[in-house]
There are 2 protein chains.
Amino acid sequence: MSSTAVARPDEVRRHNRTTLLRLLHVAGPRTRAALGTELGLNRSTIKTLVDGLAEAGVVEERVPRPGRGAGRPSLLVLPQPQAAVVLAVDVWVDHVAVALVGLGGQILARHSWNLHGNAREPDEVITHVVESAAVLAAEEDVAPMAAGVSVPGVVRRADGRVHEAPNLRWSDVALGERLGAVLRMPVVVGNDAELGALAEHLRGAARGAQDAVWVSADVGVGGGVIAQGASLRGATGYVGEIGHMVLRPGGRPCYCDNRGCWETEVGEAALCRALGLPESAPRGAVVAELRRLDGDAGVALSRLADFGEWLTLGLVNVVNLLGPQLVVLGDLFTALPAAVLEHVGAEVRRRSMVSRAVGGVRIETSALGNDVKLLGAAEAAFEDVLDRV
Amino acid sequence: MSSTAVARPDEVRRHNRTTLLRLLHVAGPRTRAALGTELGLNRSTIKTLVDGLAEAGVVEERVPRPGRGAGRPSLLVLPQPQAAVVLAVDVWVDHVAVALVGLGGQILARHSWNLHGNAREPDEVITHVVESAAVLAAEEDVAPMAAGVSVPGVVRRADGRVHEAPNLRWSDVALGERLGAVLRMPVVVGNDAELGALAEHLRGAARGAQDAVWVSADVGVGGGVIAQGASLRGATGYVGEIGHMVLRPGGRPCYCDNRGCWETEVGEAALCRALGLPESAPRGAVVAELRRLDGDAGVALSRLADFGEWLTLGLVNVVNLLGPQLVVLGDLFTALPAAVLEHVGAEVRRRSMVSRAVGGVRIETSALGNDVKLLGAAEAAFEDVLDRV
């Protein structure tokens, strides 16, 4: 319950400045005129804000390419990537990607390495992240203002504690605190699926969607939810574990102590089984086989019939429970043959009460590729950066 | 993105007045001193607001019963129930309850009737609701300011359209519009589970819980979610259908066109089967049999072993997907033998990753009894009433 008194003028100016910067950061360059319309601010307020940002080197103004209209063109305001840089870290089960991301969401520099043997230990990962960050920052001659880290596990957002990341064999790792102490900057650690959902919402297929669910398959299956335009987080900031929805009671044992979790039916190992590949087949072989199948819809539908049915059932549940307007499928799911994706989408719409009520939920694949969680980690870091720029 | 300028003093006063009234309405009488502390407002602001409300007859001030402290006691501010009255309507599958609910959440008068044969038709229900409302309003000599209606079905919140209420055999009923036209007051129609969750959050077991899920079994199984302190609604305002989570693929056919929905395993008919009663056994017989079992934990656990396992699995999914701190079980679930409820709670905590991460989700039964959805409907109506009082 807010009971604050009247806001002071400098607070209002600060708030407007951050709002304008966020719009440029997320939605890209626009003219002063467009900024005024979208933010509901008058011309002189926009002028003051943009002039101030330009003086500070945060934006640059440029004459847009000549259009058809006559008269003096409105100046285009462009965010300057170097004006605010964050460190983004994406921990996968088999590798780590680190990047510097600038204002506007552009990846300025990146580095990645594989995880095998000891390299997967938290200590090793932390050391390697810190070294990579230093090298990238020196190369680019920038000082990142904050860091965002994506981890495939159950993460407490408040302090970045990784409770359990089973596919990494991590448990109880104070990742946020430890990285923060060494990097000497604010560190936000998020569940990979939550950050994937965030990136899709801000920059990908779920842009503009108020209610969307992101479901992705890597080694495990994760999901993130955007509800009423914001990330849905559970109690004490732990995000839900969609992959551990029991869907086949009495089915295959899962490391979480249940049997028949969704992940055991639609995760990478299940996809390998469905394709007749060994469960440990390299990712490249899985994707190649999926591409091959993509050429023949009939064969694809029959080979992946069971897999598609489990994917459908899980998505029916997701749609019936959460009522999104859009489901975005990511990672390995994006490689599924088009015929299978179409069939699954149609079945989910047919078999979910809530989809029928809302006139058909859309099922789409991610447009952000392998960078989706890296971009989500960057956005998590940017959340508290923009008002410090 | 808000870009409003500084709020005007009269807007601030209005906002503070509504906030104070909402606190009294939801949390009950408090002293001026307590109001000041809880709202962060100073003594003179509280005085102005309370004096104004008292003059308008919306609150009354009373000397509290003498306590132990010395000195002049702070006056107790009590909401006056008659100062703002709403109509609450709870449509069940077999009956309808109508009540007048006053400021503070007290039921002032009530009426109910059974639904059989034609009485379940939307036309009949609407006519009967309007008649009952008129009789109750005349008896109590009050004019309700708005109405809230709970319906067991898929409801669009924006205009109160009931898309599908299968257990009532309703489909595409413009209930909100039709009732509004005859009652001549704002009408809010909500899904029964969403309103149950709202009532538990404001007045029941989930009071103060920022992340809670309400799951209840009547003929069907419904669920409502409180996320970060607010009702979670899906796209276009349709709330999710937790009872139609597929949990037993290939199981019993459900009217929603799937097989093995959770509702088919833990709804009223499933409970009757588990108890060895005919599926159409009257509610009284079901409850009597559950009470009888409550006397012998061993027998209860064995007779309801399968039922308890399906209840557990569904709750594990709910907890893993939504990460609540608390699950409140309502309606028929509250009648389950204590030993079964304890067993289910322990199993959900043991088998859900997210519960383990948050240090144990609580599973409780509703404290509001049969009135929970009626109270939720009243609260939905009150939402836009308090700033008009």
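Here is the naming used below: chain letters follow the sequence lines, and residue numbers restart at 1 for every chain.
- Taking all atoms of both residues into account, the shortest heavy-atom contact from A:Asn317 to B:Val246 is OD1-N, 2.5 Å.
- Chain B forms more heavy-atom pairs under 4.5 Å with one residue of A:Ile242, A:Val361, A:Asp257, A:Asn258 than with any other, namely A:Asn258.
- Between A:Ser231 atom OG and B:Gln228 atom CD the span is 8.5 Å, to the nearest 0.5 Å.
- For B:Asp159, the side chain to side chain donor-acceptor pair (under 3.5 Å) test picks out B:Arg156, with sequence neighbours left out.
- Atom CZ of A:Arg32 is surrounded by more than 12 heavy atoms from other residues, nucleotides or ligands within 6.0 Å.
- How far CH2 of B:Trp262 is from CG of A:Asn320: 13.0 Å, rounded to the nearest 0.5 Å.
- For chain A, no part of B:Gln210 is nearby; none of its heavy atoms comes within less than 4.5 Å.
- Below 4.5 Å, heavy atoms of chain A meet heavy atoms from B:Arg351, B:Met353, B:Val354, all part of residues 345-354 of chain B.
- When each of B:His244, B:Arg161, B:Glu164 is scored by its heavy-atom pairs under 4.5 Å with chain A, the top score falls to B:His244.
- Heavy atoms of other residues, nucleotides or ligands lying less than 6.0 angstrom from CZ of A:Arg207 number more than 12.
- Crowding of A:Arg14 atom CZ: a count of heavy atoms from other residues, nucleotides or ligands under 6.0 Å exceeding 12.
- For the options B:Arg248, B:Arg356, B:Glu309, heavy-atom pairs under 4.5 Å to chain A are most numerous at B:Arg356.
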